[in-house]
Amino acid sequence: MSSNRELATRFQEAAAILEITGANAFRVNAVTKVARILEDLPTEIAPLAEDLKGLQAIDGIGKSSAEKIKQFVETGTIEEFDTLRDSIPPGLIQVLEVPGLGPKTVKVLWEKGGVVDVASLKSKIESGELENIPRMGKKTLANILDAIEFSERSQGRMRLGDALPLAEALVARLSNARGVTRIAYAGSLRRGRETIGDIDILVASSAPESPTRALTEMPGVEKVLLSGDTKTSVRLDAGVQVDLRIVEESNFGAALLYFTGSKEHNVMLREIAIAKSMRLNEYGLFPDDGETEPPQTRGIEPVAADTEQAIYEALEVGYLPPELRENRSASDWAAPEDLVTTRSIKAELHCHTNASDGVMTLDALIDQARKRGFHTLAVTDHSKSSVQANGLSVERLLEHIEAIHEANERFDDITVLAGSEVDILADGRLDYDDEILQRLDWVVASPHSSLRQDPKKATERLLMAIEHPMVHVIGHPTGRLINEREGLAPDMATLVAAAKAHDTALELNANPWRLDLRDRHVRLAAEAGTLVTIDTDAHKPADFELLKFGILTGRRGGLTQALCPNCWEAERLHGWIRSKR
DNA sequence: GCCGTTTTCGGCCCGACTGTTTTCAGTCG
């Protein structure tokens, strides 16, 4: 685990304890924010920790947190947090994570009910011990028990690739409900985060009870968690919660903005509104008349409400696409004009045929690329060390190159390049000799083994591949699998700088299990001006549809078409490719 | 705990829903 992650965990834990012990909510908020900043930081914090002023220059990190970070880097511990940890039973932090239980309730359960962890909470509910605690009625206790049981069998956050099809099916189903005029999924799904906590669906309807019933009575709904006039939550037996919000069509934009988040972005927008003597909520942007009663309930006309764009415009800030609405400071607000889009992709540069572990013949693969209007396709089957993937021996590779070049002659609407996805061996050497690599038009170099080596070795290993004169791009640089495998943790700033210096690209692998580079590493590359390719790593025809996940991640990293070779015109792309030969 | 084109002190986003209340606290997003 990187020290960023360890530090983020310590701050998160401290925030939880502060909450339970009843600290000032704004202080809890500030500590939580530091945890999130540390988690999202693209580079290792350890080398920065010497410089307290430098740490405090990061928006959201003040004197107190900077000192704690420094102490942790130097000594491996944070004294104040250790004291804090001793102030409550360690198991209480998990109790706070049970949905429906907040700090106030946890504190009462602990002090008045003797609850010290989830197990004791469960057994004390079952034995009826908690029934005379204030505000703990039968129904509340039953709900807590249910939430514990659900969290025990749920898998945590769902991968984007699993959540999106589910959300699209829900949108299709609910759009048929009576009175529905507009519908969209929102939340972290719309922002394209790599994992999703729950699915948010927003509906404009003249007959709210109809979409509400369409959801609660849908097959696959395991439990209706709550259901009111405008808000309904259900749990699907697929193990995910769906939140439905119903609004009037006239404020759909304000509601979409609100339910897309992120929470931090919403807070920023509301603060901007206040500074301009306005109030922003999910019903619209209103003039602030000093009344505490919400403006929409008093018949006040909003300044803007029907589209997101109108609200950004009225606040006099640039429009931000959903993928960029994370925890950004006001200073880097602007969105690049030529962010990558699915339509801007004109080449697929990493995919497999049945020569190694794909299912498509060479012609079937070319057919897929032509159908999508790509001007270039690089065929990149595995190299010899990837035995599990039927990697090509030198002899088979030479035959394959010949077959690809022959196929290239048969089409005049697409250039088919003979490439290879060459293993980067544990010590940084490549899996084929240079004279073999020289015969390839295109080289993707990827790590597939020794994915648990230490960060220093991993950095050196990947640096060797980046510096190799015949390598065009580093495929899925960390080898991580989301929710499955951590992968390598190289010093990304070093890799990004080296890649820029050697005119080597880093791949953003679009497969939703990988999304590697991840969003924050894409950002690092984009800010450095390093090339980033977006490829599907297709093994079967349907994999070409995974491109959208790579695009979402690329946009989250602020990747422009200018820095993404897949977006370039053929001549420019081929010129760059030849420059490595 | 963090922050400052009024500020180094005094603020810090806003509304829906539930359960247990009899007017609202707690949680969530």
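Chain letters run A, B, ... following the sequence lines, proteins first, then strands; residues in each count from 1.
Taking the P atoms as reference points, B:dG1 lies 28 Å from B:dT6, given to the whole Å. B:dC28 and B:dT23 have their P atoms separated by 26 Å, with the value rounded to a whole Å. Comparing B:dC14 with B:dT20, their C1' atoms sit 24 Å apart, to the nearest whole Å. If you take atom P in B:dA16 and the same atom in B:dT22, they sit 23 Å apart, rounded to whole Å. Across B:dG11 and B:dT7, the matching C1' atoms stand 10 Å from one another, rounded to whole Å. For B:dG19 and B:dC13, the P atoms lie 29 Å apart once the distance is rounded to whole Å. Comparing the C1' positions of B:dC17 and B:dC12 gives a spacing of 25 Å, expressed to the nearest Å. Here the separation of B:dT8 from B:dC2, taken at their C1' atoms, is 12 Å to the nearest Å.
Residues passing the salt bridge (Lys or Arg N to Asp or Glu O under 4.0 Å) test with A:R178, sequence neighbours excluded: A:E209. In terms of the ring pair (Phe, Tyr, Trp, His ring centres under 6.0 Å) criterion, A:F549 has no residue partners (sequence neighbours excluded). For the salt bridge (Lys or Arg N to Asp or Glu O under 4.0 Å) test, residues two or more places apart in sequence or in another chain that qualify with A:E129 are A:K124. Under the salt bridge (Lys or Arg N to Asp or Glu O under 4.0 Å) criterion, A:E80 pairs with A:R27, A:K68, not counting sequence neighbours. Residues meeting the ring pair (Phe, Tyr, Trp, His ring centres under 6.0 Å) test with A:F81, sequence neighbours left out: A:F11. Partners of A:F26 by ring pair (Phe, Tyr, Trp, His ring centres under 6.0 Å), not counting sequence neighbours: none found. The salt bridge (Lys or Arg N to Asp or Glu O under 4.0 Å) search around A:R191 returns A:E326, not counting sequence neighbours.
For the 3.5 Å distance criterion, the side chains of A:E39 and A:N4 fail to qualify, holding no donor opposite an acceptor.
Separating the CG atom of A:L96 from the C1' atom of B:dC28 is a distance of 13 Å, rounded to the nearest angstrom. Rounded to whole Å, atom P of B:dG4 lies 12 Å from atom CE of A:M268. With rounding to whole Å, A:Q56 atom CD is found 12 Å from B:dG4 atom P. Rounded to whole Å, atom P of B:dG29 lies 11 Å from atom CZ of A:R157. Rounded to whole angstrom, the span from the CG atom of A:D59 across to the P atom of B:dG4 amounts to 7 Å. The nearest whole Å value for the distance from the CD1 atom in A:I144 to the C1' atom in B:dG26 is 12 Å. In this structure, CZ of A:R10 is placed 15 Å from P of B:dG1, rounded to the nearest angstrom. One atom, CD of A:E97, and another, P of B:dC28, lie 11 Å apart when rounded to the nearest Å.
Listed by first then second residue, pairs satisfying side-chain hydrogen bond (donor to acceptor under 3.5 Å, both in side chains) with a partner in residues 195-206 of chain A read A:R157-A:T195, not counting sequence neighbours. Among residues at least two apart or in separate chains, salt bridge (charged side-chain N to carboxylate O under 4.0 Å, His left out) pairs with a member in residues 236-261 of chain A are A:R245-A:E282.
Projected onto DNA chain B by closest heavy-atom contact, A:V31 and A:T230 fall at different nucleotides, the more 5' of which corresponds to A:V31. With DNA chain B read from its 5' end, the first of the two nearest nucleotides for A:V34 and A:P99 is the one closest to A:V34.
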Mark up nucleotides 7-14 of chain B, 5' to 3', with B wherever a protein heavy atom is under 4.0 angstrom from a base atom, S wherever such an atom reaches only the sugar-phosphate, and - elsewhere.
-> -----BBB

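Annotation: proximity of residues 73-91 of chain A to DNA chain B (heavy atom, distance under 4.0 Å) is found for A:E80, numbered in ascending order.
Across all strands, A:G60 comes closer than 4.0 Å only to sugar-phosphate atoms, never to a base (heavy-atom distances).
Seen from the ring of A:F150, A:R235 counts as a face-on cation partner, given the 6.0 Å and 45° thresholds.
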Using atom names, set out every protein N or O paired with an N or O of nucleotides 18-21 of chain B below 3.5 Å, distance rounded to 0.1 Å.
from	atom 1	to	atom 2	distance (Å)
B:dT18	OP1	A:S227	N	2.9
B:dT18	OP1	A:S227	O	3.3
B:dG19	OP1	A:N143	ND2	3.4
B:dG19	O3'	A:T140	OG1	2.6
B:dG19	N2	A:R135	NH2	2.6
B:dT20	OP1	A:G137	N	2.7
B:dT20	OP1	A:G137	O	3.2
B:dT20	OP1	A:T140	N	3.4
B:dT20	OP1	A:T140	OG1	2.9

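Judged purely by atom type and a 3.5 angstrom limit, A:S210 has no side-chain atom pairing as donor or acceptor with the backbone of A:A207.
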